[in-house]
Amino acid sequence: MIDKQDNLSSADREIRESFQNLILEVLSILPKYIQNREDIPIRETLKVVPLHNGYQEKSHKVYDLISVIPNIYSLKTYNHCLQLVSENKQLRPHSCSYFVILSSFIRDYLEGVNPEKVDFDQKKFDYIFEEYIDSLLSKDYESVSICPLIGFESDTESITLDEGLSIRKITPDELNEIWDLISSFDQNSVSFKDKLKSTKYVIEQLSIKTKSSDIHSDYDLISFVILAMRLLKSDKFWANRRSDKLLLPWKKKLSSIHGITNYDNPLLNSYHYFLSKEEITDLRRTYILVKKF
């Protein structure tokens with residue numbers, strides 16, 4: 001668990017009120033700016049829809065409502081909110097401007113809002129606010145790396161190999177996130193996406209780090225797992241893409257994807273690597289040996 005300070009008392013209520021007033025003002029002026037435009041800007045992402053024999057790629061459109069409001073930084077509620085969070089020494093933004101955090105908060109609230117019916121949703125606000133304030137109060141933060149295992153299958157849902165390190169089934173959200181991150185400039189993009197749609201497992205490395213610290217004691221354990229898997233069996237799998245992100249509300253949508261240079265081998269037409277429950281102990285032993293060296 002991430003170590004968190006006790007919730008703020010009167011300061012917490014004042015900050016909550018300032019955030020809520022900011023959202024209320026944004027919602028009050030939004031219809032006017034929507035009416036003055038011929039169209040609303042749209043952000044388009046790719047979604048992978050599961051089918052019985054694989055996946056289908058579909059375009060998913062989201063209204064970019066925050067861009068409709070000009071000079072949002074000049075709003076009185078915005079500047080009041082900015083002043084409160086900037087002056088509070090208990091909050092830790094972790095090398096990030098409060099301008100970025102407040103803009104991210106507004107964007108997160110406006111996501112999914114119907115431009116034809118702009119109403120305040122107290123439950124939605126409370127959920128997003130608590131997520132942000134908890135992260136700002138925390139001394140630590142989490143980062144996660146996800147490596148899709150193309151061709152890997154098992155008869156178990158999850159395999160724990162180390163603290164914060166596991167092989168587990170990929171979630172639909174992770175699949176969509178990685179799918180959308182793949183660059184069209186990647187020479188393996190088409191082939192990788194074709195294989196990714198049938199990928200079932202990932203290696204996950206979850207790390208906890210201290211804010212405002214330049215010391216990063218965690219190692220790249222994913223590469224150790226890949227090597228251990230190759231040493232254990234001669235079966236083929238492909239693991240040369242990794243998605244990284246910080247699990248902070250204002251950072252978690254800013255994922256990156258890159259190759260793992262130690263395993264930069266070209267994609268083959270077919271892969272098959274099956275790890276049974278009986279082989280998990282051997283994989284753990286091999287991983288420990290690889291990690292030691």
Side-chain angles (χ1 to χ4, degrees), residues 1-4 94-95 138-171 174-175 177-178 181 186 188 192 195-196 199-248 251-252 255-268 270-293:
M1 294 289 293
I2 286 183
D3 178 32
K4 296 177 180 176
H94 181 56
S95 303
S138 174
K139 296 178 181 178
D140 306 317
Y141 68 97
E142 294 177 320
S143 65
V144 64
S145 295
I146 299 291
C147 176
L149 291 173
I150 293 177
F152 178 89
E153 293 194 34
S154 181
D155 52 4
T156 185
E157 295 280 323
S158 179
I159 303 165
T160 301
L161 296 171
D162 208 335
E163 184 177 356
L165 183 71
S166 64
I167 298 174
R168 59 163 177 78
K169 284 200 168 181
I170 191 170
T171 67
E174 289 167 345
L175 179 62
E177 189 172 86
I178 296 171
L181 280 171
D186 186 341
N188 286 320
F192 177 58
K195 300 291 190 299
L196 180 65
T199 297
K200 299 177 181 178
Y201 285 82
V202 296
I203 306 172
E204 178 190 63
Q205 181 178 352
L206 184 66
S207 305
I208 298 178
K209 303 175 184 178
T210 302
K211 288 180 179 177
S212 303
S213 173
D214 295 327
I215 301 174
H216 301 295
S217 57
D218 54 302
Y219 295 99
D220 172 21
L221 301 180
I222 289 179
S223 294
F224 294 158
V225 178
I226 294 172
L227 180 55
M229 291 172 64
R230 297 196 190 282
L231 291 173
L232 181 66
K233 302 179 70 172
S234 61
D235 295 358
K236 301 294 184 183
F237 68 96
W238 197 82
N240 188 40
R241 290 293 180 275
R242 180 190 301 189
S243 170
D244 300 316
K245 66 179 176 180
L246 303 183
L247 299 183
L248 293 167
K251 289 279 191 180
K252 63 184 180 181
S255 303
S256 63
I257 192 163
H258 57 88
I260 304 175
T261 55
N262 292 339
Y263 303 98
D264 193 14
N265 52 314
L267 280 164
L268 302 177
S270 63
Y271 294 93
H272 181 71
Y273 189 109
F274 184 84
L275 188 75
S276 66
K277 292 180 180 179
E278 291 75 20
E279 295 173 306
I280 293 176
T281 300
D282 289 336
L283 177 60
R284 289 195 180 111
R285 289 172 181 163
T286 307
Y287 164 76
I288 292 171
L289 290 172
V290 169
K291 186 181 176 183
K292 286 182 177 178
F293 293 98

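Going from atom CD1 of I167 over to atom CD1 of I280 covers 8.5 Å, rounded to the nearest 0.5 Å. Within the model, atoms CD1 of I178 and SG of C147 stand 8.5 Å from one another, a figure rounded to the nearest 0.5 Å. Rounding to the nearest 0.5 Å places NZ of K139 at 14.0 Å from CD1 of I208. Taken to the nearest 0.5 Å, the OG1 atom of T199 stands 9.5 Å off from the CH2 atom of W238.
Using a 4.5 Å cut-off on side-chain heavy atoms (C-beta onward), R168 and V202 make contact. R242 places a side-chain heavy atom less than 4.5 Å from the side chain of D220. Residues Y273 and L232 have side chains in contact (heavy-atom distance under 4.5 Å, counting atoms from C-beta outward). Side-chain atoms of I203 and I226, non-hydrogen and from C-beta on, do get closer than 4.5 Å to each other.
Counting only distance, with no hydrogens or angles, the side chain of K245 and the backbone of I146 share no donor-acceptor pair below 3.5 Å.
Looking at L248, L246, L206 one by one, the single match for side-chain contact (heavy atoms from CB on, under 4.5 Å) with E142 turns out to be L206.
A search for salt bridge (charged side-chain N to carboxylate O under 4.0 Å, His left out) contacts involving E163 returns nothing, not counting sequence neighbours.
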Could you go through residues 286-293 and list every donor-acceptor pair under 3.5 Å that involves a side-chain atom there, pairing it with any protein atom two or more places apart or in another chain?
unit_1 : atom_1 : unit_2 : atom_2 : d
T286   : OG1    : D282   : O      : 2.8
Y287   : OH     : D162   : OD2    : 2.6
K291   : NZ     : D162   : OD2    : 2.7

Kindly list each side-chain donor-acceptor pair under 3.5 angstrom involving residues 150-161, sequence neighbours excluded, with atom names and distances?
unit_1 : atom_1 : unit_2 : atom_2 : d
S154   : OG     : T156   : N      : 3.3
S154   : OG     : L275   : O      : 2.7
D155   : OD1    : K277   : N      : 2.9

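Remark: K200 NZ is loosely packed, at most 12 non-hydrogen atoms of other residues, nucleotides or ligands lying under 6.0 Å away.
In terms of heavy atoms, R241 sits closest to P148 at O-CD, 3.1 Å. Annotation for V225 and L165: closest pair CG2-CD2, 3.6 Å, computed over non-hydrogen atoms.
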